[in-house]
2 protein chains.
Amino acid sequence: MKRLTLKDVAAMAEVSPITVSRVVNGADGVRANVRQKVEAAIAELGYIPNRSASVLASSKSKLIGVLIPSLSNVVFNDVLRGIYDIATTANYQILLFNTHYSPLEEMRAVRTLLGQSPEGIIITGGEQTATTRTMLEEARVPIVQIMGKVDKPIDINVGFSHFDAGGAVAQLLLDKRYRKIAFLGARMDRRTCQRLDGFKQRLSAVNYLDDRRIITTSEPSSVAMGVSLFRELMEVTKGDCDAVFCCNDDLAIGVLHECKKMNISVPEEMGVCGFNDIEMAAFTEPALTTVRVNRYRMGSKAMELIFEKTHPTSENKSTTSGYINTGFELVMRNSTR
Amino acid sequence: MKRLTLKDVAAMAEVSPITVSRVVNGADGVRANVRQKVEAAIAELGYIPNRSASVLASSKSKLIGVLIPSLSNVVFNDVLRGIYDIATTANYQILLFNTHYSPLEEMRAVRTLLGQSPEGIIITGGEQTATTRTMLEEARVPIVQIMGKVDKPIDINVGFSHFDAGGAVAQLLLDKRYRKIAFLGARMDRRTCQRLDGFKQRLSAVNYLDDRRIITTSEPSSVAMGVSLFRELMEVTKGDCDAVFCCNDDLAIGVLHECKKMNISVPEEMGVCGFNDIEMAAFTEPALTTVRVNRYRMGSKAMELIFEKTHPTSENKSTTSGYINTGFELVMRNSTR
DNA sequence: CTGTTAGCGCCTTCAG
DNA sequence: CTGAAGGCGCTAACAG
């Protein structure tokens with residue numbers, strides 16, 4: 001009960017193994033009738049090529065490594081979908097690692113990944129350890145850092161400035177005549193912190209920043225967490241607060257829920273703004289003002305850039321490096337004036 | 001600029017390559033001082049073993065293939081999280097395929113997967129093509145079919161009876177004195193159909209089944225789709241309807257939203273029940289009655305069963321085949337009386 | 001257009 | 001406990 005090999009197919013088709021190899025890999029330079037004979041033999045036998053052998057011999061893996069910090073965050077679903085859709089089309093495979101927001105797990109994952117000779121790597125953010133960074137650089141394959149603008153990209157960077165987005169939200173709320181604006185944040189990864197920084201800078205520029213109104217936790221984000229952060233905010237500030245910027249929509253939905261319970265009217269007494277624009281945001285009561293970001297595009301674009309770099313053509317050489325801004329967009333709904 | 005190999009490490013540590021191999025694989029039978037010397041060399045050189053070579057030579061891949069129909073459905077996130085958490089702990093890798101609810105894509109994915117000598121396969125449901133099924137059977141590795149109870153499991157089956165769940169919801173609604181009960185369904189994959197079947201059987205047993213109240217679409221599910229299916233229902237039945245069972249919570253949230261808009265009071269004039277118990281379900285207005293299923297557990301259990309079968313011990317031999325029921329649970333909230 | 005030769009990097013099997 | 005030989009299945013490079 002041995003595994004079928006090229007040789008078996010070759011024997012059946014009465015050709016040499018290399019010819020079978022060429023047929024399998026769709027290489028040209030095989031006559032049509034020979035190709036058919038081989039294909040028939042493959043079908044007949046149900047032959048499936050051994051990829052390890054192929055990778056070892058050719059050092060072409062058709063493999064892209066993807067490292068993301070969470071599998072429970074909807075944000076990454078959309079990104080992943082973008083990545084998978086493009087990868088599958090190009091017949092590439094994805095090796096996905098969940099780093100749980102830990103640079104150490106990330107480092108371990110990179111090491112494991114590098115053992116598989118990936119032809120490209122998509123990694124979240126720019127908080128890699130020095131070792132990880134070195135390994136990545138030495139891998140000599142296209143690397144795309146996604147989700148946020150990073151300070152010193154390893155190679156390519158696809159995302160948007162979370163700092164600017166945070167600032168834009170602060171400005172929006174100021175424009176709507178809110179003056180006692182709070183920030184609620186969970187998980188507090190790098191990008192969330194950047195949103196907070198942008199937010200703080202904008203507020204402090206007009207002297208409306210009050211640190212008591214910034215409530216954060218390192219715990220994961222959830223609707224329930226939105227509820228409890230908001231309660232904490234109300235307690236700490238004794239209700240002296242007229243708007244909340246939540247670091248994501250889940251939190252914001254929790255705030256909306258709690259406002260109803262506390263009989264605080266939104267958007268009059270309390271403006272609420274989320275982040276991400278998940279589908280639910282359009283269906284809350286009142287509908288949630290939030291920031292839309294192009295998640296699917298971040299994934300698909302990252303994948304496309306890897307392919308452009310792997311298979312260079314004359315017209316794409318220029319684009320394949322540096323920072324690609326996928327942008328963000330304020331979505332005004334009824335949870336703000 | 002060649003890639004580092006075992007030999008390079010061996011040369012540096014002044015031992016034979018095989019000794020290095022043993023150290024790398026944590027095999028015993030290497031003296032402590034030799035092991036240390038080798039480990040030092042590995043660290044110094046930054047050696048990363050080549051997995052293709054290792055897999056080829058040993059035919060042990062430490063790879064589990066996972067096939068799911070969608071990356072946008074939250075349901076699969078939780079399942080995946082369960083799978084990844086267990087796999088990572090055991091130092092196994094996951095090769096994930098998105099089959100887009102297509103048996104043909106699934107077949108292609110299985111073929112690709114089988115080329116990588118996976119040590120186990122987790123696949124969604126039981127609607128494989130005959131060819132797929134044959135390939136899977138001939139792979140001679142543990143196969144776990146997840147999500148729903150399937151008719152003739154290939155190997156192991158982890159999930160619950162969607163038919164029973166659908167029936168349970170129907171019964172719940174009947175118990176709450178709803179009599180004109182509708183079903184709203186999107187995507188309509190096998191499991192959704194089974195829920196519908198269970199639902200219909202229960203209603204028809206007490207003569208309350210009316211097919212006009214069953215509105216479905218093959219389009220993907222979403223909150224917006226819930227809105228439009230509900231509108232269609234109201235139109236078709238001219239409002240002659242007092243409860244809705246939605247095939248998932250997204251749809252149900254859309255229904256809740258639309259009821260408010262149409263001034264239909266929930267739960268008095270209209271009972272609403274969802275499916276899945278996503279976090280948001282507890283925070284809608286009114287809170288959503290739904291069916292809780294153990295998604296994370298389905299994933300982690302599937303993975304555990306694969307390991308039990310791959311590494312048999314005396315106490316686990318009995319459990320590793322047949323059907324493992326992960327159950328479901330009605331969660332009563334305020335969207336039903 | 002097709003075949004031959006010689007590995008890819010590692011691990012299995014057996015000696016020592 | 002350690003090492004030497006050989007091969008896993010495939011493909012690059014060249015020859016015919």
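As the structure is a prediction and not an experimental result, all values here were calculated from the model. Chain naming here is simple, since letters A, B, ... match the order of the sequence lines and numbering starts at 1 in each. Note that these values count all heavy atoms, side chains included, but never hydrogens, waters or copies made by symmetry.
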Can you confirm whether the side chains of B:Thr99 and B:Ser102 place a donor and an acceptor under 3.5 Å from each other?
no
Residue pair A:Asn77 / B:Asn77, side-chain heavy-atom distance below 4.5 Å
yes
For the residue pair A:Ser300 / A:Arg297, report whether a side-chain donor-acceptor contact shorter than 3.5 Å exists.
yes
Checking all strands, does A:Arg51 fall into the base, sugar-phosphate, or nothing category for heavy-atom contacts under 4.0 angstrom?
nothing
Tell me: CD of A:Gln116 to P of C:dG9, nearest whole Å?
16 Å
Interatomic distance where CG belongs to A:Asn25 and P belongs to D:dA12 [whole Å]:
8 Å
Considering only heavy atoms, which members of residues 30-42 of chain B lie under 4.0 Å from some atom of DNA chain D?
B:Val30, B:Arg31, B:Val34
Picking from D:dT11, D:dC8, D:dC10, the nucleotide nearest the side-chain atoms of B:Ala57 would be D:dC8
Can you tell me if B:Tyr47 touches the phosphate of C:dC10, counting only side-chain N or O atoms and a distance under 4.0 Å to OP1 or OP2?
yes
Of A:Ile121, A:Ile122, A:Ile83, the residue whose pairing with A:Ile306 passes side chain to side chain contact (heavy atoms under 4.5 Å, CB included):
A:Ile122
Taking C-beta and beyond as the side chain, do B:Ile156 and B:Lys309 meet within less than 4.5 Å on heavy atoms?
yes
Counting any heavy atom closer than 4.0 Å, what does B:Leu6 reach on the DNA or RNA strands: base, sugar-phosphate only, or nothing?
sugar-phosphate
Sequence-distant partners of B:Tyr92, ring pair (Phe, Tyr, Trp, His ring centres under 6.0 Å), two or more places apart
B:Phe307
Any donor-acceptor pair under 3.5 Å from A:Glu137 side chain to A:Ile154 backbone:
no
Check whether any side-chain nitrogen or oxygen of A:Thr19 sits under 4.0 Å from OP1 or OP2 of C:dG3, and answer yes or no.
yes
Can you figure out which of D:dT2, D:dT11, C:dC10 approaches the side chain of B:Arg22 most closely?
D:dT2
Are the charged groups of A:Arg187 and A:Asp189 less than 4.0 angstrom apart, N to O?
no
Does B:Ser21 make a side-chain N or O approach to OP1 or OP2 of C:dC10 shorter than 4.0 Å?
no
Go through residues 7-18 of chain B and report each residue with a non-hydrogen atom lying under 4.0 Å from DNA chain D, sorted by number.
B:Val15, B:Ser16, B:Ile18
Kindly say if B:Lys60 contacts the phosphate of C:dT12, meaning a side-chain N or O under 4.0 Å from OP1 or OP2.
yes
From CG of B:Leu4 over to C1' of C:dC10, roughly how many Å is that when rounded to an integer?
15 Å
Quiz question: by atom type and distance under 3.5 Å, do the side chains of A:Arg133 and A:Gln128 form a donor-acceptor pair?
no
Give the rounded distance in Å between these two atoms: CG of A:Leu56 and C1' of C:dC8.
4 Å
Nucleotide D:dG9, atom P - distance to CD1 of A:Ile48 in whole Å:
14 Å
